[in-house]
Structures are given as structure tokens and as C-alpha cells.
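Just below is one structure, and these are the notes that go with it.
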Amino acid sequence: MDLHIENRRALVTGSTAGIGFAIAHGLAAEGAHVTLTGRTQPAIDAALARLRSSAPGARADGIAADCATAKGAEAVFSRVPDVDILVNNLGIYERKPFFEIPDADWMRLFEVNVLSGIRFSRRYAPAMVKRGWGRVLFISSESALNIPVEMIHYGMTKTAQLAIARGLAQSVAGTGVTVNAVLPGPTRSEGVVDFLAKLAREQGVSEQEMEKQFIAEHRPTSLIRRMATVEEVANMVVFVCSPQASATTGAALRVDGGVVQSIV
């Protein structure tokens with residue numbers, strides 16, 4: 001299927017690794033001109049080299065900036081004044097019992113996971129509306145629906161993204177701009193792979209067995225009985241960013257392997 005996003009300008013926040021990089025790679029492979037963001041120049045340089053190596057001819061650049069802050073966002077805006085596709089992927093998480101989460105941690109996760117997407121959407125969506133075409137994506141999580149008791153503040157931010165995506169979609173109704181949220185489940189990103197490898201070494205089992213144990217113990221409702229790959233998540237995102245998905249907006253699209261048990 002030709003997704004018809006050649007020459008579209010795309011920006012993916014938090015895209016030097018993991019799901020964000022896979023999304024940037026997928027968009028670039030379809031012919032979009034992609035801007036990656038990360039906090040350090042070495043991370044940007046490494047990601048661009050990796051992308052160009054695996055997708056020859058890809059048009060991509062990168063900006064080293066902390067997109068979680070207003071100052072960092074402005075640095076990106078000054079370099080990239082306009083985009084057709086915005087993927088708000090930037091996000092962090094931490095495991096911490098509810099009664100040990102101070103105000104500062106609640107505010108930090110909210111600013112990184114929620115307010116960053118608000119800032120970028122507020123900047124780029126109006127021009128999309130004027131042109132009559134655009135795509136805004138929020139990378140949420142199945143944790144938005146299955147609030148994890150070990151990191152309630154993270155779950156709160158993921159649920160907030162669903163509300164923002166739906167509300168923004170309604171705000172731009174009928175303009176040719178779509179806004180959606182994508183909800184990955186357990187995904188084999190670099191950080192997760194390293195975490196499972198460490199557990200596997202400690203318990204004297206293979207990484208494959210460790211993954212099976214993790215799914216069985218922590219995500220027993222998974223229907224695929226494994227973690228998704230970052231590419232599987234990115235495939236959904238890239239499709240929704242295309243004209244082929246023009247009737248999909250205001251949606252919470254799950255790529256969770258069936259972890260969430262509700263059918264709506």
C-alpha cells in the first residue's frame with residue numbers, strides 16, 4: 001500500500017531510540033522528511049547514522065533539545081517552523097509506590113509526558129488547519145486504561161493524553177486534520193530489553209524465557225503472549241499519519257497485544 005506521505009514534513013519527539021526511532025524510521029522510509037529530537041547531539045548523530053544506514057536515501061535531520069521544557073520546545077520551533085505530521089512520543093516512567101511519590105515527581109511526569117505534547121500541538125496544529133491537512137499523534141500506553149499500581153503517576157499522564165487527543169480532535173473537526181492516540185502495550189524497546197536481560201542473568205534463564213515469565217506474571221491477559229516489537233507499534237502510527245487513515249480521528253488505537261480486556 002502506498003501511504004502517500006512523500007515530501008510531508010514530520011516531527012517525532014523523543015525519537016533517538018525505542019518506539020520513537022522506529023516511528024521516525026517508518027515515516028522516513030515512506031518518503032517523509034523527518035526531524036528527530038533528543039536531548040544530546042551525540043544521541044541525535046547516532047540515531048541519524050542508524051536511520052540513514054537502514055533506510056538509504058531517507059531525508060532526516062535532528063535537533064538536540066529538551067522537548068519537555070518550554071525553552072527546549074522553542075528551540076525546536078525556531079528550527080522547524082511548520083510540520084504536516086506531529087508525533088508526540090516523548091515520555092518517561094518510573095516505578096514508585098503511590099505513598100512515596102512527592103509533588104515534584106507528579107509535576108515532572110506531567111510536564112514531560114503531557115505538557116510537552118500540548119505545547120507542540122498548540123504550535124503546529126493551527127497551520128495544519130489552515131492548509132486543510134495534518135496529522136497529530138499522541139503515543140499513550142495501555143497503562144492509560146490499566147493503571148499500573150506501581151506507577152500511578154505514569155498511568156495518570158497516559159490517560160490525560162487520551163483526553164487531550166480526543167478534545168483536540170473535536171476542536172479541529174471537519175478541517176482535514178486528524179488527531180489520535182496510540183496505545184502500545186509491553187514493547188521490546190532498548191530499555192525493556194536491557195531490563196529483561198539483567199533479570200535473566202540474575203535468575204540464570206534465557207532472555208526469551210524471561211520475557212515469557214514477565215508476560216505471564218505481569219500481563220497475563222496478553223493475547224499474543226509476547227512483547228510487541230517497536231516496528232509493530234510504528235506500523236500503526238505510520239498508517240494513521242497517512243491520507244489512507246483519513247476517517248480515523250479522535251480514536252484511542254490499541255497496539256497492546258490484547259492486554260486490555262475491554263472491547264471499547
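The first residue in the sequence is number 1, and the count goes up from there.
- Val233 and Val259 end up in different hydrophobic clusters when Ile, Leu, Val, Met, Phe, Trp and Tyr side chains are linked at under 4.5 Å.
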Stepwise side-chain hydrogen bond (donor to acceptor under 3.5 Å, both in side chains) check, Gln213 with His218: CA-CA 8 Å; Gln213 288 183 27; His218 299 283; over 6 Å; no

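- Val192 is not listed as a side-chain neighbour of Pro186, based on a closest heavy-atom distance of 4.5 Å or more.
- For the atom pair CZ (Phe110) and OG1 (Thr157), the distance works out to 9.0 Å, reported to the nearest 0.5 Å.
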side-chain contact (heavy atoms from CB on, under 4.5 Å) evaluation trace for Cys67 with Val76: CA-CA 8 Å; Cys67 294; Val76 176; 3.9 Å; yes

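- Screening residues 227-239 for salt bridge (Lys or Arg N to Asp or Glu O under 4.0 Å), with sequence neighbours left out, gives Arg226-Glu232.
- Using a 4.0 Å cut-off between charged nitrogen and carboxylate oxygen, Arg135 and Asp84 do not count as a salt-bridge pair.
- No more than 12 heavy-atom neighbours from other residues, nucleotides or ligands sit within 6.0 angstrom of NZ on Lys212.
- Around the CG atom of Asp194, the shell of radius 6.0 Å holds more than 12 heavy atoms that belong to other residues, nucleotides or ligands.
- Environment of OH in Tyr124: crowded, with over 12 heavy atoms of neighbouring residues, nucleotides or ligands closer than 6.0 Å.
- Closest heavy-atom contact between Asn88 and Ser121: ND2-OG, 3.1 Å.
- Looking at heavy atoms from C-beta onward, His33 lies out of side-chain contact with Arg8 at the 4.5 angstrom threshold.
- Under the 4.0 Å criterion applied to side-chain N and carboxylate O atoms, Lys96 and Glu150 are not assigned as salt-bridge partners.
- A donor-acceptor pair under 3.5 Å links the side-chain atoms of Arg119 to the main chain of Ala68, judged by distance alone.
- The line from CD of Glu111 to CD1 of Ile92 is 9.5 Å long, rounded to the nearest 0.5 Å.
- In this structure, Asp256 does not pair ionically with Arg219, as no charged nitrogen and carboxylate oxygen lie closer than 4.0 Å.
- The CD1 atom of Ile118 sits 11.0 Å away from atom CG of Asn113, with the distance rounded to the nearest 0.5 Å.
- In this structure, the side chains of Ser141 and Tyr154 come closer than 4.5 Å at one or more pairs of heavy atoms.
- Cluster membership check: Val238 shares its hydrophobic cluster with Leu51, using side-chain heavy-atom separations under 4.5 Å among Ile, Leu, Val, Met, Phe, Trp and Tyr.
- In the displayed structure, Arg52 atom CZ is contacted under 6.0 Å by more than 12 heavy atoms of other residues, nucleotides or ligands.
- For the side chain to side chain contact (heavy atoms under 4.5 Å, CB included) with Cys241, the lone residue among Val12, Leu86, Leu27, Ile23 that qualifies is Leu27.
- Applying the ring-ring contact (aromatic ring centres under 6.0 Å, His included) test to residues at least two apart or on different chains, none of the pairs has a partner in residues 156-188.
- Considering only heavy atoms from C-beta on, Asn7 comes within 4.5 Å of Arg59 through its side chain.
- No more than 12 heavy atoms of other residues, nucleotides or ligands lie within 6.0 Å of CZ in Arg39, so this atom counts as exposed by the packing criterion.
- Between His4 and Ser242, the side chains place no donor N or O within less than 3.5 Å of an acceptor N or O (distance only, hydrogens not considered).
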side-chain hydrogen bond (donor to acceptor under 3.5 Å, both in side chains) evaluation trace for Thr13 with Asn89: CA-CA 5 Å; Thr13 63; Asn89 174 73; 5.7 Å; no

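- The ring-ring contact (aromatic ring centres under 6.0 Å, His included) test applied to Phe21 returns no partner, not counting sequence neighbours.
- When all heavy atoms of Val114 and Ala160 are compared, the pair lying nearest together is CG2-CB, 4.0 Å.
- One finds a salt bridge joining Glu211 and Arg188 here, because a Lys/Arg side-chain nitrogen approaches an Asp/Glu carboxylate oxygen to under 4.0 Å.
- Within 6.0 Å of CD on Gln261 lie no more than 12 heavy atoms contributed by other residues, nucleotides or ligands.
- Thr35 and Arg9 get closest at one heavy-atom pair: OG1-NH2, 2.7 Å.
- In this structure, the side chains of Ile85 and Val87 come closer than 4.5 Å at one or more pairs of heavy atoms.
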